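Just so you know, ligand 1 is whichever comes first in the structure, and atom 1 is the first atom listed for that ligand. Since we're looking at a predicted model, the values are computed, not measured. Just so you know, these numbers use all the heavy atoms, side chains as well, and skip hydrogens, waters and symmetry mates.
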Amino acid sequence: MLEYRGYDSAGIFVPGSGAIKAVGPIDNLAKKITATIPGTSGIAHTRWATHGEPTELNAHPHTDASGSLWLVHNGIIENYREIKEKLLSQGITFASQTDTEVLVKLIGTLYKGDLRQAVMDALLRVRGTYGIAVMSQEHPDEIVVAKMGSPIVLGIGHDGNFVASDPSALLAHTKDVVYLDDGEIALVTKDGYSVISIDGEHREKLPEKVEWDIEAVQKQGYEHFMIKEIFEAPEVIANTIRGRLLFDKGRAKLGGLESVINELASLNRLQIVGCGSAYYAGQVGRYLLEEYAGLPTEVELASEYRYKRNLPDKKSAVLAVSQSGETADTLASIRSAKQMGVLTLGIINTVGSTIARDTDAGVHNHAGPEIAVASTKAFISQLTVFVLLTLLIGRERGMSQEVGVEIAEALRTLPETLIKVLTQSEEVKAIAEKYANYSDAIFIGRKFHTPIAHEGSLKLKEVAYIHAEAYAGGELKHGPIAMLDTNFPIIALCPQDDVYEKMISNIEEVKARKAPILAFATEGDVHITELATDVVFMPKVHPIVQPIVTTVYLHLLAYYVGLAKGLNVDRPRNLAKSVTVE
Ligand code: G6P
């Protein structure tokens, strides 16, 4: 079961043996299962609460009025109230507060012996997002799955078939997978599968091979996935740039964008959309594309973009950044851009994901599966793709070959630099232990490092529960400085770039207020040691890749602060890795 997708409660149903549910992590469910459950098929689920608290009654699987049909669901049924009212008027009662129970009760009223037909009939009455798996006691050898907005993947094995919301759950059994598309319903048995559209048309779907191995989704001796994924940085960057640089020409080659290269060269404007860390990666992308490629770029939170009036012209494009390729708001933004007739692009880590398939063209990160809830390796890979994209578009829009060669070289040497960065992990750990005692922090940076300050602060909130904020250095004096005292540290990102002196002025302002200062500076910077309480020295690199280097330090910092506080860094409270609800 994919615990990172939800972990406030879990449940399992096996025909003939009934359902078992427990609140809390999967371990709690495992403890309740004291003997092997007899049976050869079943469905199980980990929940991330939306409708109703994490209780046993609200945990999935849910059942219909007869107790014969059982269902697990990711997503949200938007018109569940309406349907619930109707069902209540028919005398049907509900045990939970969930929208999911409404769906299975509805399927129950339509069931006349053919489960897939009943699911189809019910889904025609439903609005919202879902990835569902349904079983009936009468036909224990069948699982019916359906997808709309939330991922469903089938695993085709030699001694049985599987369904999951992410291929990583299937790797121990098979690498042959079938990704369902929105509006598709599949009937899966031990020996086969068949897929139809919601209106009954047959769909021919052949299995694809998952590229990575089971090791990629295991901890391999690390204490947590988060630290394993941070330590994968050199390899991740090498994988992201592999085969994508033409060193002599100072150019980038991105196969997934070749079909749209002329459009990219003559764009008037690029709008980037994303959520969480992916949004901050987009912010860095904006600075890089404007600075080096001269491309006017905007960045929008996907949850805002989809509801606001956007004013694209024919020569603009919308670019989604998403690790999972399934984030509901990012997907909706791409769909709304498509409706406006705009070119849609993606920087997506998960091959086969909905956004990867919905966009006109795009780039895969090749960062491998990311398991820790808070994004680390995918984020630095997103930044790397933005450097590649800047090179690609920049060279089409007047960037000199000389600058192009410098950027390509900066990327080529980056994995080596990151190996060196990671040797400083013990040093960052010692500093993290010191800063773990504060309850607040403000991160400051300028230009390329403004979004990195935001990323550092987001990570510290996510995995260490420290109240952290981030500001562009110049904004500190316009309000946040009022907060500072000896108990309120500032984390200053001040590599020696073209805004270094401005950052130094900001740090002076902080020092005058006696706040502790933790600086991330360039090695050899003697001035900073006079100003800061603690300094972590970073290797000097080309400014275009500096945000990637700085980020690795901030990810280590957040990880070690979380660790010092004894927190579950891989699965922070209240968070989910793949947010397939709005
Ligand atoms: C969740 C994760 C974040 C991630 C965000 C966007 O909130 O906890 O780490 O940045 O979703 O996810 P995506 O898959 O679209 O990159």
**Asked** Looking at CG of Leu518 and CD1 of Ile490, how far apart are the two atoms once the value is rounded to the nearest 0.5 Å?
**Response** 10.5 Å

**Request:** Using atom types as modelled and distance alone, determine if a side-chain donor or acceptor of Asn568 lies under 3.5 Å from a backbone N or O of Arg571.
**Result:** yes

**Reported CG-to-CG distance for the pair Leu254 and Leu345, which is rounded to 0.5 angstrom** = 11.0 Å

**Prompt:** Quick check: does any side chain N or O of Thr297 sit under 3.5 Å from a backbone N or O of Leu295, one acting as donor and the other as acceptor?
**Reply:** yes

**Prompt:** Protein residues near ligand 1, heavy-atom distance below 4.0 Å?
**Reply:** Cys275, Gly276, Ser277, Ala278, Ser322, Gln323, Ser324, Thr327, Val373, Ala374, Ser375, Glu462, Ala576, Lys577, Val579

**Request:** Output, in order, the C-alpha distance, side-chain angles, deciding distance and verdict of salt bridge (Lys or Arg N to Asp or Glu O under 4.0 Å) for Asp497 and Arg446.
**Result:** CA-CA 10 Å; Asp497 55 14; Arg446 276 176 181 258; over 6 Å; no

**Request:** For Ala320, check side-chain contact (heavy atoms from CB on, under 4.5 Å) against everything at least two apart and list the hits.
**Result:** Val273, Thr330, Ile334, Ile355

